[in-house]
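What you see is a predicted model, and the numbers here were worked out from it, not measured in a lab. Chain naming here is simple, since letters A, B, ... match the order of the sequence lines and numbering starts at 1 in each.
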There are 2 protein chains.
Amino acid sequence: MAKPSIDLMILGALKERPMSAYEMDRLFEARAVRRWVRVSAPSIYRNLLRLREEGLVDGREEKGEAAPPRTVYAITETGEARFGELADELAGLDARVDFDFTPVIANLYVMGEDEGRELLGKIKERYLEGAERLERVLPKVARLEAKANMELRLGTYRLVAGWVERFERDFYAAPEGVRGWVLGADGSPSTPDEAPFSTFDWTALGGGA
Amino acid sequence: MAKPSIDLMILGALKERPMSAYEMDRLFEARAVRRWVRVSAPSIYRNLLRLREEGLVDGREEKGEAAPPRTVYAITETGEARFGELADELAGLDARVDFDFTPVIANLYVMGEDEGRELLGKIKERYLEGAERLERVLPKVARLEAKANMELRLGTYRLVAGWVERFERDFYAAPEGVRGWVLGADGSPSTPDEAPFSTFDWTALGGGA
């Protein structure tokens, strides 16, 4: 299955210069690209073959004298155009962010307060730890894109930690009626002020599945 | 395949009260749970069957007088224990955040400045739009968890928009050598100060694949 992010990474590498699948894998490894994008070695091999079939890359078999033969890939004109389209597509996607812990937040209302507070404490701790790790590494990073990417993550982790702290305070201070998802299965709101929430067109928000 | 987030959502709903797969689907729909977690109707049906086989939920066939028969599910003691484990597991995951646009950032160095600036502008615009949509809806939301979840997303979108603006300025002001991922395929750093970046143990950061 074609994934825009993987195609963009592969075509981008070939925009730099022609190379074999193995070289590309080593390049992504050396550049720590896998901190950015999920692009495994098997997916490089598999997708290069597909991109070749689609005419987005050319493959040239090279016979080394001592080394085994290898295929060196180069981007085609169609591939260059596709690269531009993919970049445009990814840059134009609606804003979106997901956090692994959201199902925990969504289920706090069926837990006891002690259990809930412990879980919230754990989430906050993990994000503070993540932020500390990034803070330690940042001074050692020279590449601007890598540094900037880490700074964005650092900022987000800090934001989450602060958010969890405020949320915990507000959630356990709130009256029971406002706390949980207690809207009925028939769609009727359990409190009058919930109506706008349930009838609102959520698809317009573009931030979820 | 069992997904912790879906199992937690299903078991959590049954902790509230026994219900059928259809009722659960309606409940998630009414509560806009799908803004939080990817939990489709087919996955509710499929995973309830699996959870029943695993003994985490009980199913009781009910024959209605006029209505067709339906299965009403209830959480078992084992299911209650599993709910706690899953919540703990999700709350304990390492900090992590992914953005769709990162492959674009990673490939800016193989693009012209005009193209790059246009893409960055587009990303910023999408996140500002997302923030504006959330700002408009927030006053209408009564449920604390939903409101808090949206506030976290709003904060993140604003962070991204500000970050893109700073990144664009820094990236195109930076000397060529610091700008791109120009580490060689053999793993040798292209500039001396890149060495710590390439040899650092990235797996310790816990923020990527």
ask   = What pair of heavy atoms forms the shortest contact from Asn107(A) to Gly12(B), and how long is it?
value = OD1-CA, 3.3 Å

query = How far apart are the closest heavy atoms of Gly84(B) and Glu115(A), and which atoms are they?
reply = CA-OE2, 4.1 Å

message = Taking side-chain contact (heavy atoms from CB on, under 4.5 Å) as the criterion, tell me which of Asp98(B), Val97(B), Asn149(B), Leu90(B) meets it with Phe99(A).
response = Val97(B)

Got a second to check how far [X]'s [atom1] is from [Y]'s [atom2], nearest 0.5 Å?
{"X": "Leu144(B)", "Y": "Tyr172(A)", "atom1": "CG", "atom2": "OH", "result": "10.5 Å"}
{"X": "Arg153(B)", "Y": "Thr102(A)", "atom1": "CZ", "atom2": "OG1", "result": "10.0 Å"}
{"X": "Tyr127(B)", "Y": "Asp94(A)", "atom1": "OH", "atom2": "CG", "result": "9.0 Å"}
{"X": "Asp88(B)", "Y": "Glu118(A)", "atom1": "CG", "atom2": "CD", "result": "7.0 Å"}

message = One pair to check against side-chain contact (heavy atoms from CB on, under 4.5 Å): Glu145(A) and Phe167(B). What are the steps and the verdict?
response = CA-CA 8 Å; Glu145(A) 297 96 315; Phe167(B) 176 72; 4.0 Å; yes

task = Keeping the roles fixed (side chain from Arg126(B), backbone from Ala95(A)), state whether a donor-acceptor pair exists under 3.5 Å.
result = no

ask   = Is there a donor-acceptor pair under 3.5 Å between the side chain of Trp163(A) and the backbone N or O of Ala148(B)?
value = yes

key: Max heavy-atom pair count under 4.5 Å with chain B, selected residue of Gly162(A), Gly92(A), Ala161(A)   = Gly92(A)

Residue among Ile123(A), Leu108(A), Val160(A), Val110(A) with most heavy-atom pairs under 4.5 Å to chain B = Val110(A)

query = Where on Val164(B) is there a heavy atom nearer than 4.5 Å to chain A: the side chain, the backbone, both, or neither?
reply = neither

query = Where on Glu125(B) is there a heavy atom nearer than 4.5 Å to chain A: the side chain, the backbone, both, or neither?
reply = neither

message = At a heavy-atom distance under 4.5 Å, which candidate from Ala87(B), Gly155(B), Ala131(B) has the highest pair count against chain A?
response = Ala87(B)

key: Glu89(A) atom CD, over 12 foreign heavy atoms within 6.0 Å   = yes

request  = Select one option (side chain, backbone, both, neither) describing which atoms of Phe83(A) are under 4.5 Å from chain B's heavy atoms.
outcome  = side chain

task = May I ask you to say whether Arg96(A) pairs ionically with Asp100(B), meaning some side-chain N is under 4.0 Å from a carboxylate O?
result = no

